[in-house]
Asker: 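Have a look at the structure that comes next, please.
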Amino acid sequence: MNRSSGYTLEELGLRIEARVVGDSDRLIHSLATLQTAGPGQLSFFANSRYLKQLKASKAEAVLVTEAHLDDVQGSALVVADPYLAFARLTHLFDWRDPCSPGIHPSASIDPAASVSPDAEVGAGVVIAAGTQVEAGVVIGANTSIGRDCRLGSGTRLEAGVTLYPKVRVGERVLIHSGAVIGADGFGFAPDRKGGWVKICQLGGVLIEDDVEIGAGTTIDRGALDDTHIERGVKLDNQVQVAHNVRIGEGTAIAGCTAIAGSTKIGRHCTIAGMSGITGHLEIADGTHVTAMTLVSRSITEPGAYSSGTGIEPHQQWKRNVVRFRQLDELARRVRKLENRLEHISTEGQKDDGC
Amino acid sequence: MNRSSGYTLEELGLRIEARVVGDSDRLIHSLATLQTAGPGQLSFFANSRYLKQLKASKAEAVLVTEAHLDDVQGSALVVADPYLAFARLTHLFDWRDPCSPGIHPSASIDPAASVSPDAEVGAGVVIAAGTQVEAGVVIGANTSIGRDCRLGSGTRLEAGVTLYPKVRVGERVLIHSGAVIGADGFGFAPDRKGGWVKICQLGGVLIEDDVEIGAGTTIDRGALDDTHIERGVKLDNQVQVAHNVRIGEGTAIAGCTAIAGSTKIGRHCTIAGMSGITGHLEIADGTHVTAMTLVSRSITEPGAYSSGTGIEPHQQWKRNVVRFRQLDELARRVRKLENRLEHISTEGQKDDGC
Amino acid sequence: MNRSSGYTLEELGLRIEARVVGDSDRLIHSLATLQTAGPGQLSFFANSRYLKQLKASKAEAVLVTEAHLDDVQGSALVVADPYLAFARLTHLFDWRDPCSPGIHPSASIDPAASVSPDAEVGAGVVIAAGTQVEAGVVIGANTSIGRDCRLGSGTRLEAGVTLYPKVRVGERVLIHSGAVIGADGFGFAPDRKGGWVKICQLGGVLIEDDVEIGAGTTIDRGALDDTHIERGVKLDNQVQVAHNVRIGEGTAIAGCTAIAGSTKIGRHCTIAGMSGITGHLEIADGTHVTAMTLVSRSITEPGAYSSGTGIEPHQQWKRNVVRFRQLDELARRVRKLENRLEHISTEGQKDDGC
């Protein structure tokens with residue numbers, strides 16, 4: 001979008017149902033943080049930690065709740081949820097161009113592919129036979145799409161994405177550069193000579209509407225059935241999704257998390273970065289996993305879960321790590337102490353009783 | 001492969017030396033899990049956890065051991081190792097087309113490269129001077145291959161792979177999209193002003209026959225000698241292999257594992273996902289490492305190894321993490337208690353002796 | 001560089017201000033390790049662990065300090081810091097060709113882009129409008145560069161790199177294959193129906209001079225301000241840098257480390273592989289973090305920091321993991337024991353006092 005003339009506060013207020021306090025004709029040409037915003041810029045206040053910055057902000061206008069209206073120096077857009085309102089307004093100032101239909105002459109499109117005349121296909125793009133590209137789809141430079149894929153309307157693949165054959169993608173999906181969708185799941189059967197026989201991965205990948213997939217993220221095709229990413233799932237960069245995983249609607253997974261084969265993650269979960277989830281598990285709806293946690297068993301109750309230890313100075317940590325290796329023994333020694341003390345007390349009581 | 005007419009049970013039985021029980025003329029057109037299989041589909045039973053599914057399966061036929069023949073509802077292919085037999089049969093139903101020799105007109109091949117007329121080179125592929133591509137090689141769309149590489153016969157590079165110069169790849173190797181082979185190892189010498197002087201990485205990468213390399217996996221070139229991946233190694237997605245690592249024959253490494261420089265991993269090891277192996281180590285043949293383990297010392301005895309802590313509810317975990325920081329002190333306190341109790345007991349005995 | 005005739009020891013000595021001991025006319029054609037070096041090869045001795053190899057080395061010449069001159073069998077180049085001298089000399093033997101100006105005919109360059117006639121643009125490269133490419137820049141095959149980027153002089157993008165719009169890269173920067181710079185930061189606001197509203201990422205990425213970025217590394221664009229990589233930063237492969245992170249001058253970060261949003265990492269830090277750094281932290285200059293550490297709080301004092309536990313045999317580890325879950329309870333039991341023992345001692349003293 002990004003209208004070069006900007007938007008009046010009145011226009012912005014109407015978009016997000018905000019009450020405008022101040023001069024509603026003032027033009028907003030961009031968004032900025034409380035600290036850096038100046039004339040013509042709109043900011044937002046969504047975390048009380050930044051109250052000092054709000055009071056000092058030189059922003060033309062600020063998105064705030066009623067409660068903090070008095071702390072605003074310039075104009076205000078009063079809303080119930082400033083963070084959500086800010087999110088909505090960012091779409092007016094985005095750098096992405098709308099779909100500009102047409103096929104770049106350097107693209108290689110198989111005659112047996114079907115590309116909507118209302119789709120945009122960038123330079124160096126390769127599309128194989130049997131693939132359907134719907135209206136409003138944007139495909140970035142040097143992206144490769146295998147056979148028999150489908151890209152639903154309004155979906156956007158950035159530059160350098162790879163889709164293997166038989167990947168079905170819904171509408172309004174955003175896939176970032178370097179993502180690889182539909183590579184073979186990691187499946188091998190041991191033979192009798194210490195080698196491995198590859199299990200060809202015969203399933204596909206199904207990605208529902210409104211999903212976002214981060215840069216360098218890999219989602220493997222299923223062994224027999226499909227790997228399945230439900231509606232509204234958000235995956236950050238460098239996430240690894242193994243074969244036959246299913247991720248439930250609205251779940252968000254932060255960077256570098258890996259999910260092993262056949263695990264089912266519930267709806268509306270939030271998984272922090274660098275977590276690992278082992279295979280064949282079920283994770284309840286609404287589960288939260290903290291950063292760098294290893295989830296090695298199914299989770300049946302929603303709630304927050306963690307593993308690992310906290311950061312500490314290296315020398316101190318080294319001593320504690322040695323003790324961790326002795327922890328079972330330490331626990332046995334404590335039990336022994338308790339027993340002996342129990343014995344001494346009993347003896348003492350007997351003595352007292354004499 | 002994937003013959004559209006399917007295969008009779010007799011044909012399949014001959015391929016894997018199975019005994020056919022039932023109507024050997026029945027056609028199998030695809031493979032499926034016990035739960036989803038129906039008429040014309042073959043399934044397999046390899047894990048007693050799924051006995052209920054076996055008994056209820058509507059599969060046309062099932063791969064089973066003799067012991068479970070009576071639990072099969074339809075026809076059966078009786079084998080010693082159903083999982084291995086299943087792996088072998090997946091190759092008959094794979095979606096990959098065989099090599100279709102020819103060079104796509106949009107490919108850019110340096111005149112000083114040597115590409116077999118029996119190789120298949122996809123759209124947008126770039127091949128630099130001095131590189132040899134043997135018969136039966138398939139190179140996917142938009143893949144880039146640097147100078148003086150070699151791709152052995154039957155090797156397949158999927159779309160969007162990158163090979164730096166001087167990467168030698170054996171026969172029947174499969175490299176998935178987004179993999180980068182031969183980037184510079186991470187080598188810098190500190191100068192006297194707090195900066196870094198790059199150590200140019202002068203070695204290459206050697207990949208032996210029958211290796212598979214997952215999507216987004218990176219294997220760096222050696223500093224002076226080659227990084228070396230031995231025969232039959234299987235690397236999952238997003239694995240990081242640093243310079244001068246050597247991985248022994250038949251070793252399998254799951255997703256997102258990282259191996260630091262100059263480490264030698266033995267033969268027939270299995271390394272679970274998200275593990276980290278620090279540099280200059282030696283890992284014994286037949287070692288198994290569990291998920292998200294940090295291997296920070298050499299392993300001289302085969303066996304299973306682990307590090308980290310188990311998952312638990314976040315609030316409980318927080319309390320235990322605090323205690324971990326005090327673990328060395330706790331151990332000292334237990335020792336003190338033991339000493340004092342020893343003393344008390346001795347005193348007690350002395351008293352008794354009075 | 002890589003002059004095919006090689007360099008005399010005298011020439012090499014002049015480059016690094018070394019004293020030549022031996023025949024200064026001898027030609028060095030390549031570098032090698034102490035173990036593998038032979039005639040015509042130069043090696044280096046920088047770690048006393050390799051003294052045996054030094055004494056047995058068949059290298060034509062070795063880079064050594066004065067102190068170890070007597071241990072050298074062939075000629076020697078005597079320097080204060082052999083590792084640094086070796087790093088400098090590797091540049092003479094590198095396989096990278098110097099910039100060979102020109103644009104490959106298969107490249108797609110927008111007429112509104114500005115590419116220096118002294119830059120090299122490889123096959124299949126795509127450059128969008130508004131982007132400036134300075135002299136001496138080398139852009140590898142199938143690399144895609146979005147709108148309004150800038151590549152400073154002497155910068156090199158290997159094959160298959162992706163730059164989103166508005167990424168500014170300084171001079172002499174090296175970006176490896178598969179790296180994605182400027183993808184959207186992971187920002188979403190929860191709406192009231194359990195879904196997510198995308199926060200468009202309106203900032204860019206600023207990469208200063210002399211930075212190196214590893215294969216498959218992802219650096220997200222800022223939400224409003226830029227993500228910022230300062231001068232001389234070195235990032236290994238598969239590093240994830242989230243939106244609005246700032247990494248201070250000269251900091252080196254090893255493979256597979258992830259840094260969450262808005263964290264500021266100081267100057268001259270060294271972060272080992274697979275570490276995770278959570279969001280909105282500040283890490284002091286000169287901090288060292290060991291492998292697979294989770295940094296979950298700001299670090300105000302330089303020094304070494306760690307988290308996690310050490311590797312141990314799996315069965316033993318399992319017992320200790322169980323005890324970790326009981327650690328808080330164990331600590332309470334020890335406290336109780338201490339109290340009871342205190343009580344018993346006091347009682348004992350009272351008894352004594354009778």
Side-chain angles (χ1 to χ4, degrees), chain A residues 106 108 124 126 142 144 146 160 162 164-166 178 180 183-184 186 188-191 194-200 202 216 218 220 224-225 238 240 242 256 258 260 276 278 290 293-297 303-310 312 316 319-320 323-324 326 330 333-334 337 340-341 344, chain B residues 30-33 36 83-84 86-88 90-91 93-95 104 106 122-124 140-142 158-160 176-178 212 214-216 232 234 236-238 250 252 254-256 268 273-274 291-292 308-314 317 321 324-325 327-328 330-331 334 337-338 341 344-345 348:
Chain A
S106 67
S108 299
V126 179
N142 286 326
S144 310
T162 306
Y164 278 60
K166 284 212 285 179
V180 176
D184 291 350
F186 197 59
F188 301 90
D191 67 17
W196 299 101
V197 173
K198 181 177 177 69
I199 298 169
C200 295
L202 309 177
T218 51
D220 280 351
L224 292 168
D225 302 327
Q238 297 193 45
Q240 150 70 357
C256 303
T278 63
T290 65
T293 289
L294 177 64
V295 182
S296 50
R297 60 169 177 82
Y305 294 85
S306 305
S307 77
T309 80
E312 49 190 330
Q316 171 188 321
R319 288 193 294 272
N320 292 329
R323 297 304 188 177
F324 181 82
Q326 304 159 347
L330 185 72
R333 282 161 55 198
V334 170
L337 281 171
R340 290 188 58 188
L341 208 55
I344 286 171
Chain B
S30 59
L31 306 179
T33 60
T36 64
Y83 193 58
L84 180 59
F86 164 70
R88 294 212 162 106
T90 60
H91 293 254
F93 298 93
D94 196 18
W95 50 268
H104 194 278
S106 66
N142 287 326
E158 296 290 348
H176 284 282
S177 300
E212 183 163 338
K234 310 295 179 189
D236 196 358
N237 296 349
Q238 299 192 42
C256 304
H268 307 300
M274 296 198 86
M292 213 187 255
T309 79
I311 188 173
E312 50 190 330
H314 181 67
W317 172 78
V321 161
F324 181 83
R325 288 208 186 89
L327 194 51
D328 184 52
L330 185 72
V334 170
L337 281 171
E338 287 168 336
L341 209 53
I344 287 170
S345 301

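Letters go in sequence order (proteins before strands), and every chain restarts at 1. Computed from a prediction, not measured in an experiment: that's the story for all the values here.
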Asker: If you take all heavy atoms of A/A258 and B/M274, which pair is closest and at what distance?
Answerer: CB-SD, 3.8 Å

Asker: Begin from the C-alpha positions of B/I311 and A/S296 and carry the test side-chain contact (heavy atoms from CB on, under 4.5 Å) through to its verdict.
Answerer: CA-CA 7 Å; B/I311 188 173; A/S296 50; 4.3 Å; yes

Asker: Output the option from A/S108, A/G308, A/A189, A/A304 having the highest count of non-hydrogen pairs under 4.5 Å with chain B.
Answerer: A/G308

Asker: Is it the backbone or the side chain of B/S177 that comes under 4.5 Å from a heavy atom of chain A, or both, or neither?
Answerer: both

Asker: For A/Q238, is it the side chain, the backbone, both, or neither that has a heavy atom closer than 4.5 Å to a heavy atom of chain B?
Answerer: both

Asker: Checking A/V295 against chain B: side chain, backbone, both or neither under 4.5 Å from a heavy atom?
Answerer: both

Asker: Check the pair A/D184 / B/E212 against side-chain contact (heavy atoms from CB on, under 4.5 Å), numbers first and verdict last.
Answerer: CA-CA 10 Å; A/D184 291 350; B/E212 183 163 338; 4.1 Å; yes

Asker: Which bit of B/H176 comes within less than 4.5 Å of chain A, counting heavy atoms only: side chain, backbone, both or neither?
Answerer: both

Asker: Select, from B/G232, B/G178, B/P313, the one with the greatest count of heavy-atom pairs under 4.5 Å involving chain A.
Answerer: B/P313

Asker: In terms of heavy-atom pairs under 4.5 Å with chain B, which of A/P165, A/G303, A/A242 leads?
Answerer: A/P165

Asker: Just by modelled atom types, is the B/G310 backbone N or O under 3.5 Å from a matching donor or acceptor in the A/S307 side chain?
Answerer: no

Asker: Between A/Y164 and chain B, which part of the residue has a heavy atom less than 4.5 Å away: side chain, backbone, both or neither?
Answerer: side chain

Asker: Look at the side chain of B/H268 and the backbone N and O of A/G194, then say whether any donor-acceptor pair between them is shorter than 3.5 Å.
Answerer: yes

Asker: Checking A/T218 against chain B: side chain, backbone, both or neither under 4.5 Å from a heavy atom?
Answerer: both

Asker: Measure the CD-CG distance between A/Q326 and B/D328 for me, rounded to the nearest 0.5 Å.
Answerer: 9.0 Å

Asker: Check whether B/T33 gets within reach of chain A through its side chain, its backbone, both or neither, counting any heavy atom under 4.5 Å.
Answerer: both

Asker: Quick one: does any side-chain atom of B/N142 pair with a main-chain N or O of A/G124 as donor and acceptor, under 3.5 Å?
Answerer: yes

Asker: Heavy-atom pairs under 4.5 Å with chain B are the metric here; pick the option from A/L224, A/N320, A/V180, A/V197 that has the most.
Answerer: A/N320

Asker: Considering only heavy atoms, which portion of A/A260 lies under 4.5 Å from any heavy atom of chain B: side chain, backbone, both, or neither?
Answerer: neither

Asker: Below 4.5 Å from any heavy atom of chain B, which atoms of A/Q240 appear? Answer side chain, backbone, both or neither.
Answerer: both

Asker: So for A/T309, is it side chain, backbone, both, or neither that comes closer than 4.5 Å to the heavy atoms of chain B?
Answerer: both

Asker: Let me confirm one number: the CG-OG1 distance from A/D225 to B/T36, rounded to the nearest 0.5 Å.
Answerer: 4.5 Å

Asker: Taking ring-ring contact (aromatic ring centres under 6.0 Å, His included) as the definition, give me every residue that meets it alongside A/F186, ordered by chain and number, with sequence neighbours left out.
Answerer: A/F188

Asker: Is chain A contacted by the side chain of B/E338, its backbone, both, or neither, given a heavy-atom distance below 4.5 Å?
Answerer: both

Asker: Is A/T293 close to chain B through its backbone or its side chain, or both, or neither, when contacts mean heavy atoms under 4.5 Å?
Answerer: both

Asker: Let me know if B/A32 has heavy atoms under 4.5 Å from chain A in its side chain, its backbone, both or neither.
Answerer: backbone

Asker: side-chain contact (heavy atoms from CB on, under 4.5 Å) between B/L330 and A/R323: does it pass, once the steps are laid out?
Answerer: CA-CA 9 Å; B/L330 185 72; A/R323 297 304 188 177; over 6 Å; no

Asker: Identify the heavy atoms of A/T162 and B/A159 that sit nearest to each other, and give their distance.
Answerer: CG2-CB, 3.8 Å

Asker: Rounded to the nearest 0.5 Å, what's the gap from CG on A/L202 to CH2 on B/W95? Could you check?
Answerer: 10.0 Å

Asker: Check whether the side chains of A/S306 and B/E312 place a donor and an acceptor atom closer than 3.5 Å, and report yes or no.
Answerer: no

Asker: Going by salt bridge (Lys or Arg N to Asp or Glu O under 4.0 Å), name the residues that satisfy it together with A/K166, two or more places apart in sequence or in a different chain.
Answerer: none

Asker: So, for A/I199 and B/A87, which heavy atoms are closest and what is the spacing to 0.1 Å?
Answerer: CG1-CB, 3.5 Å

Asker: Output the distance between atom CG (A/D191) and atom CZ (B/R88), rounded to the nearest 0.5 Å.
Answerer: 6.5 Å

Asker: Chain A: which of B/V334, B/D236, B/L337, B/V321 shares the most heavy-atom pairs with it under 4.5 Å?
Answerer: B/D236

